[in-house]
Amino acid sequence: MQGEMAADPYFGHAFVFRNRRGDRLKLLLWDGLGFWLLYRRLDQGRLHWPKADTGAVELSAAQWAMLVEGRPWTPLPTLEKCTPTLL
């Protein structure tokens with residue numbers, strides 16, 4: 001797994017997988033004694049999975065919370081630089 005994902009499961013990285021329909025999620029996590037396998041199934045709706053150019057995506061805690069709650073996950077739009085002017 002380490003070679004495919006470019007991350008080390010024994011160094012605190014969590015691995016998250018979803019099914020094709022997008023209503024189920026599996027989390028694989030090492031806690032120092034063994035692996036945890038967590039499974040979540042949404043009764044309604046779908047998981048809003050972030051787009052990835054590569055096989056892996058790094059999420060912040062806020063993005064993770066939105067993902068597991070089934071809320072749409074989209075990056076914030078970039079803001080244009082604003083320069084003050086005299087009136």
key: Residue pair Leu33 / Asp31: nearest heavy atoms and the distance that separates them   = N-OD1, 2.9 Å
request  = With sequence neighbours excluded, tell me which residues meet side-chain contact (heavy atoms from CB on, under 4.5 Å) with Arg20.
outcome  = none
inquiry  = With rounding to the nearest 0.5 angstrom, report the CZ to CZ distance, Arg24 to Arg40.
reply    = 13.5 Å
request  = To the nearest 0.5 Å, tell me how far Arg71 CZ sits from Leu47 CG.
outcome  = 13.5 Å
ask   = In chain order, what residues pass the side-chain contact (heavy atoms from CB on, under 4.5 Å) check against Leu27, with sequence neighbours excluded?
value = Ala14, Val16, Leu38, Trp64
request  = Supply the atom-to-atom distance Glu69 CD to Leu42 CG, rounded to the nearest 0.5 angstrom.
outcome  = 10.5 Å
task = Just do the side-chain contact (heavy atoms from CB on, under 4.5 Å) check on Phe35 and Leu28 with the steps written out, would you?
result = CA-CA 7 Å; Phe35 280 101; Leu28 186 64; 3.9 Å; yes
message = Tell me every residue that passes salt bridge (charged side-chain N to carboxylate O under 4.0 Å, His left out) with Arg41, counting only those two or more places apart in sequence or in another chain.
response = Asp43
ask   = After noting the C-alpha distance and the side-chain angles of Leu67 and Leu59, does the key distance pass the side-chain contact (heavy atoms from CB on, under 4.5 Å) rule?
value = CA-CA 9 Å; Leu67 176 70; Leu59 299 177; 4.0 Å; yes
key: Rounded distance (nearest 0.5 Å) linking atom CZ of Phe17 with atom CG of Leu37   = 9.5 Å
